[in-house]
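Taking it in order: structure first as structure tokens, then the write-up.
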Amino acid sequence: MSLLVQKFGGTSVADADRIRAVADHVARSRRAGDQVVAVVSAMGKTTDQLVRLADDVSATQPRREVDMLLSAGERITMALLCMALADLGVEAVSFTGSQAGIITDTVHTRAKIVEIRAERLLETLAAGAVPVVAGFQGVSTDRDVTTLGRGGSDTTAVALAAALGADACEIYTDVTGVFSTDPRIVPEARKLAKVSYEEMLEIAATGGRVLALRSVEFARNHHVPLHVRSSFTWEPGTLIDEEDTTMEQAVVTAITHDASEAKVTVLGVPDQPGLAARLFRGLADRNVSVDMIVQNTSTTGRTDISFTVPGYDLAVSTEVAESLVPAMGASGVETDSDVARVSLVGAGMKTHPGVTALTFETLAGEGVNIEMISTSSIRISCMVRAGDAERAVRALHAAFELG
Ligand code: ASP
Ligand code: MG
């Protein structure tokens, strides 16, 4: 008998038929002798609709109330899934994040889990019932409802799997696994049987939309094996686990792209100690997570600092940068959201030279201009014009023979 956390994303529970199909799967897992904790997302595009509703109603949107609103989506699903399970004779009990004992910090709309008090879930399991937990939400140390950031149900599932010592965390979604690139752009993209945590972190951080980044970090830190698979075909998907060091690593495992970032440039920054610190402290204090940073050596005593931020943080980042221009003695701020980042990820890069050269040659061959570059030991990212991104992905996927 295994203890499984099974998470069902928005498309997996998008309508009544889907919810019944999910209930059927949970019931089958129970019949096979496994214990199940189900974690659910909001149905279909419910969260997007709630976000739009808030936009229509309010210009200020107090964060506490945004969380109260957004957390409602998952509550609908959890109750409906329990009803569908009841029809199949499976006893199930729904829990909000708060009731499930998911305690977070007080940062509304992007709260972090600080503790899980799993007693109620354990009691429910011991009584032979299936706990069905609303994903994406918790209760803060100030006792307010919080949400974990978009895509946060994955994090709920992984955190519960860690807290309960589950044997596996299954993430059910509308694709059959993690692919070598987005199959909508490259039809020959391959499903990957196994991906290491480190690779998956880079894939999730650079636009691979299958798993939320925080959930992968959590899984790696707590050694929770993940299985990403389809709730439409139920076939085996992609396993995410420790790196298999006994096998030769692929040089490049996956190619991702992300057009959701924007570029901010602070122009004419005097070449003095402390100015970059000031800028990035200002951004950090507003909870902006900066990704790429480029600063050139200066020849004239001044330099430009460019960095990228998530598109939704562009307004606040621009505000921070502009407010610091006088104090920094800089000459101005420019922003550009018409950019996209194309990234190559692969554990084998550590030991294979020449990946960067082939990457740049391939982009050059396509006439794609590289505006910014950043690397880690297992990733190369290039910022390009948004309109060039898909062409770049196709060319790189072919050049590294990932099809
Ligand atoms: N419903 C939330 C969202 O759409 C959380 C999730 O689905 O993971 O972002
Ligand atoms: Mg999701």
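This is a predicted model, so every value here is computed, not measured. Both ligands and their constituent atoms are indexed starting at 1 by order of listing.
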Ligand 1 N/O within reach of [X] N/O, cut-off under 3.5 Å:
X    : result
E74  : yes
G151 : yes
D154 : no

Subject >> Side-chain donor or acceptor of T60 paired with backbone N/O of P62 under 3.5 Å >> reply: no
Which of the ligand 1 atoms, numbered from 1, are nearer than 4.0 Å to a heavy atom of [X]:
X    : value
R150 : 3 (C), 4 (O), 9 (O)
F136 : 2 (C), 5 (C)
S41  : 6 (C), 7 (O), 8 (O)
T47  : 1 (N), 2 (C), 3 (C), 4 (O)

Original post:
Closer than 4.0 angstrom: is that true for some heavy atom of G152 and an atom of ligand 1?
Top reply: yes
**OP:** Give every residue pair that meets the ring-ring contact (aromatic ring centres under 6.0 Å, His included) criterion with at least one member in residues 145-175, sequence neighbours excluded.
**Re:** F8-Y172, H25-Y172, Y172-W234
Original post:
Going by the ring-ring contact (aromatic ring centres under 6.0 Å, His included) test, which pairs reach into residues 302-339, not counting sequence neighbours?
Top reply: F280-F307
Original post:
Per the side chain to side chain contact (heavy atoms under 4.5 Å, CB included) rule, which among D144, T109, T146 passes with R64?
Top reply: D144
**OP:** Can you establish whether the number of heavy atoms outside R385 located under 6.0 Å from its atom CZ is more than 12?
**Re:** yes
Original post:
From D105 CG over to T141 OG1, what is the distance, rounded to the nearest 0.5 angstrom?
Top reply: 7.0 Å
